Structure formats: C-alpha cells, structure tokens
Amino acid sequence: GIYESGSDFFLQYAATNPGQFDYALYLKGEGIDSEEKLREKYDGYTGNDPIKKGISDLRETFGSVLDRYMSPADSGIYKAILLGDKSDMDSDISDLYQASGISHIIAVSGMHISLVGMSVFRLFKWLRLGKKLSLTMAGIVSAFYVMLTGASGSALRAFIMLICRFLAIGSSKSYDMISSIALAMMVLIFYRPYMVLQSGFQLSFLAVFGISFLGDMITCSLALFSQNKEHGRLRRYIRPDFRPGNALRTVISNLSVQSMTLPAITFHFFKFPLYGIFLNFAVIPLMSFVMYSGIA
C-alpha cells in the first residue's frame with residue numbers, strides 16, 4: 001500500500017531490515033517519486049522552470065561564497081545551518097551533533113525561519129516603511145528563504161506559523177501558537193501525507209507543542225502555586241507575586257521541549273543524550289549570532 005504509486009522506484013530504496021532507516025518513506029514524504037526529482041534534490045535543478053532554476057543557482061552561489069571564505073569543515077556546517085544543504089558536512093561532525101542532542105541546529109526549522117522573518121520585519125519598520133508593508137516584505141523574504149533551503153517539513157511548518165504571527169500583528173490581534181501549529185499541521189498533512197512519518201516533522205511539531213502547551217502549563221502552575229495559601233511552608237520558596245523571568249522561562253521551555261521530543265528521539269535514533277539538555281542552554285542563545293555571522 002505504501003509503495004503503490006511509483007512502486008519500482010520506491011521498492012529499490014525501501015528498508016530491508018527491521019529498524020533500518022526507510023529511505024523510500026522519506027522520499028515519499030519529500031514528494032520525490034522519480035530519479036529525475038531525486039537528482040534535482042541533491043545535484044540542483046536542471047529543468048526549464050526559471051524560478052526553480054534561479055533559486056537553485058542562487059543557492060549554489062551562496063554555497064560557493066561560504067567555500068571561498070571558510071575552511072571546508074566550517075563551510076559545511078554553515079551550508080547546513082543557512083541553506084539546508086548537508087551534502088558537504090563532515091559525517092563525523094554530523095554524528096557528533098546528533099550524539100550530543102543538538103542536531104536540530106543544523107536543520108532549517110522554526111528558529112531559522114523566525115529569525116530571518118522577524119529580522120526583516122524589524123529592519124523595514126526601522127526604515128519607517130509602515131507596519132503592513134514591513135510585514136508583506138518580511139513574508140516575501142521568508143517565503144523565498146524557505147524555497148532556498150529546500151522547503152523541508154520543519155521549514156514549511158515554521159513559515160505557516162510565522163505568517164499567522166504576521167497576520168496577527170497586522171490586524172492587531174493576539175497570536176495563539178496552538179491555533180497556528182494546528183493549522184500548519186493540517187496544511188502539511190493535506191499537502192504531503194507521508195511527511196508525518198518523518199523524524200523531522202515529528203520533532204518539529206513536538207518541540208513547538210512542548211513550548212506552547214507544556215511550557216505554558218508549567219509556568220501557569222508555578223504562578224497558581226505561589227498564590228495558594230494551603231501549601232504552607234512550600235510557599236516561602238515562591239513569592240506570592242511570582243512572575244517567571246527570562247532565564248526561568250528559557251529553562252522551562254528547554255525542559256519542556258526535551259520532554260516532548262524524548263519519545264520521538266528514542267524511537268528514531270534509539271538513544272537520548274542527557275547532557276544534550278545542558279548543551280542546548282548554551283547552544284540555542286548563540287544561534288542568532290551564528291545565523292547573522294553566516295548571512296553577513
């Protein structure tokens with residue numbers, strides 16, 4: 001049933017052992033059902049579509065700039081982070097990132113799309129171009145960046161949520177993360193149903209659910225706990241006017257994300273590095289500097 005369409009193509013890439021990575025399912029999730037599309041994914045677009053050809057050529061140009069000014073190891077990392085291209089990344093470094101629980105920083109996702117989109121929005125607002133025009137330009141740049149990086153499931157999820165955020169800002173309404181992630185999930189499942197089986201899709205959505213649901217629930221619980229007089233001595237550790245600061249919110253968000261993604265990580269990768277929890281406290285705040293330096 002899974003390999004009904006294009007069976008000859010998919011069967012040659014199907015997993016042959018239990019627990020083995022099923023490349024055929026991955027290709028179905030990416031919408032690749034022919035050798036031509038597979039070559040296009042790894043070697044660049046060679047067809048006649050001017051938009052796809054232009055984006056592919058621009059991606060190669062940006063990659064060549066990174067190659068010119070960086071060492072091969074650093075260039076491979078920056079290509080993965082900025083362009084979603086892991087083909088030149090050293091396999092030992094990639095394995096080290098995965099074993100350390102920080103492989104998400106080399107996958108174009110919410111952190112990358114949001115950083116680019118919100119930076120462009122703030123730049124145009126600083127230039128006094130008006131809120132609506134700034135949001136429109138930021139949306140266009142974000143869409144272009146998603147296409148430039150290969151439009152992975154996590155990138156598309158982040159883009160849909162970012163557009164929801166822009167619409168909320170433009171209409172002066174409050175932004176609800178749960179509603180936007182639900183919309184993103186429905187759109188992506190309708191667009192590419194097999195994408196739901198990919199580890200990147202699952203980890204991306206679980207991470208956002210960790211922040212928006214579990215993280216907020218813990219924060220609200222701490223606030224309610226501080227105001228409940230029945231907790232007696234325990235209340236002396238939390239002030240009645242408790243409001244979580246940025247540092248505590250970061251800790252809660254990180255722990256919530258790690259907790260929500262734990263089942264998917266152990267299912268797909270058969271291990272979970274506990275020290276990765278602490279590494280993320282250092283790595284995530286530095287990602288903005290890495291992105292800006294790479295873009296520069």
Side-chain angles (χ1 to χ4, degrees), residues 55 81-82 84 104-105 107-191 200-201 203-220 223 243-254 256-257 260 284-296:
I55 291 175
I81 292 174
L82 296 176
H104 59 87
I105 68 172
V108 177
S109 59
M111 181 166 47
H112 305 71
I113 306 301
S114 179
L115 190 64
V116 170
M118 293 306 297
S119 296
V120 172
F121 170 60
R122 294 190 182 102
L123 173 63
F124 281 104
K125 278 208 69 178
W126 180 73
L127 294 174
R128 300 181 183 278
L129 296 182
K131 183 167 68 172
K132 291 187 177 181
L133 179 59
S134 299
L135 289 170
T136 302
M137 295 303 298
I140 293 173
V141 172
S142 300
F144 172 76
Y145 182 65
V146 169
M147 292 187 290
L148 184 70
T149 57
S152 65
S154 56
L156 289 171
R157 187 272 306 163
F159 174 70
I160 294 171
M161 294 185 67
L162 183 65
I163 293 301
C164 289
R165 186 176 180 182
F166 284 166
L167 291 173
I169 295 173
S171 57
S172 300
K173 303 291 184 180
S174 60
Y175 170 68
D176 183 57
M177 188 178 289
I178 294 291
S179 298
S180 64
I181 192 176
L183 175 63
M185 181 176 289
M186 289 188 293
V187 170
L188 291 181
I189 291 176
F190 178 79
Y191 173 53
F201 179 95
L203 292 173
S204 179
F205 278 93
L206 287 173
V208 177
F209 273 119
I211 296 172
S212 60
F213 178 71
L214 184 59
D216 285 351
M217 185 174 67
I218 293 174
T219 303
C220 292
R243 293 292 184 276
N246 290 332
L248 182 57
R249 284 185 178 275
T250 301
V251 172
I252 292 173
S253 294
N254 195 359
S256 299
V257 168
M260 288 293 288
I284 292 177
L286 294 174
M287 274 305 296
S288 58
F289 298 102
V290 174
M291 287 282 293
Y292 288 136
S293 67
I295 292 172

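Please read all numbers here as calculations on a predicted model, not as lab measurements.
When side chains are defined from C-beta on, Phe124 does not count as touching Leu133, because their heavy atoms never get closer than 4.5 Å. The side-chain heavy atoms of Leu115 and Ser288, taken from C-beta on, include a pair separated by under 4.5 Å. Using a 4.5 Å cut-off on side-chain heavy atoms (C-beta onward), Met287 and Ile81 make contact. Counting heavy atoms from C-beta outward, Lys132 and Phe166 have side chains that stay 4.5 Å or more apart. Residues Met260 and Phe205 form no side-chain contact, since every pair of their non-hydrogen atoms from C-beta on lies 4.5 Å or further apart. Residues Lys173 and Leu167 form no side-chain contact, since every pair of their non-hydrogen atoms from C-beta on lies 4.5 Å or further apart. Side-chain contact between Phe209 and Leu214 is absent, with no heavy-atom pair separated by less than 4.5 Å.
For the atom pair OG1 of Thr136 and CG of Leu129, the computed distance is 11.0 Å after rounding to the nearest 0.5 Å. The line from CD1 of Ile211 to CG of Asn254 is 9.0 Å long, rounded to the nearest 0.5 Å. Here Ile160 contributes atom CD1 and Ile163 contributes atom CD1; the two are 9.5 Å apart, rounded to the nearest 0.5 Å. The distance from the OG atom of Ser212 to the CD1 atom of Ile178 is 3.5 Å, given to the nearest 0.5 Å.
Taking the side-chain contact (heavy atoms from CB on, under 4.5 Å) definition, one finds that Ile189 meets it with Met185, Phe201, sequence neighbours left out.
Contact detail for Cys164 and Ser180: the closest heavy-atom pair is CB-CB, 3.7 Å. Across every non-hydrogen atom of Gly153 and Leu188, the tightest pair is O-CD1, 3.6 Å. The shortest non-hydrogen separation linking Leu156 to Ala151 is CD1-O, 3.6 Å. The shortest heavy-atom contact between Ser142 and Leu162 is OG-CD2, 3.4 Å.
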Side chain to side chain contact (heavy atoms under 4.5 Å, CB included) between Ile113 and Met161, intermediate numbers included: CA-CA 10 Å; Ile113 306 301; Met161 294 185 67; over 6 Å; no
Does the pair Ile55 and Phe144 meet the rule for a side chain to side chain contact (heavy atoms under 4.5 Å, CB included), with working shown? CA-CA 8 Å; Ile55 291 175; Phe144 172 76; 4.1 Å; yes
Met137/Leu123 under side chain to side chain contact (heavy atoms under 4.5 Å, CB included): CA gap, chis, key distance, verdict: CA-CA 10 Å; Met137 295 303 298; Leu123 173 63; over 6 Å; no
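Residues in residues 112-129 take part in these side chain to side chain donor-acceptor pair (under 3.5 Å) pairs, two or more places apart or across chains: Ser119-Tyr292. Applying the side chain to side chain donor-acceptor pair (under 3.5 Å) test to pairs two or more places apart or on separate chains, those with a residue in residues 145-170 are Ser152-Ser154, Arg157-Ser204.
The number of heavy-atom neighbours closer than 6.0 Å to OH of Tyr175, taken from other residues, nucleotides and ligands shown, is above 12.
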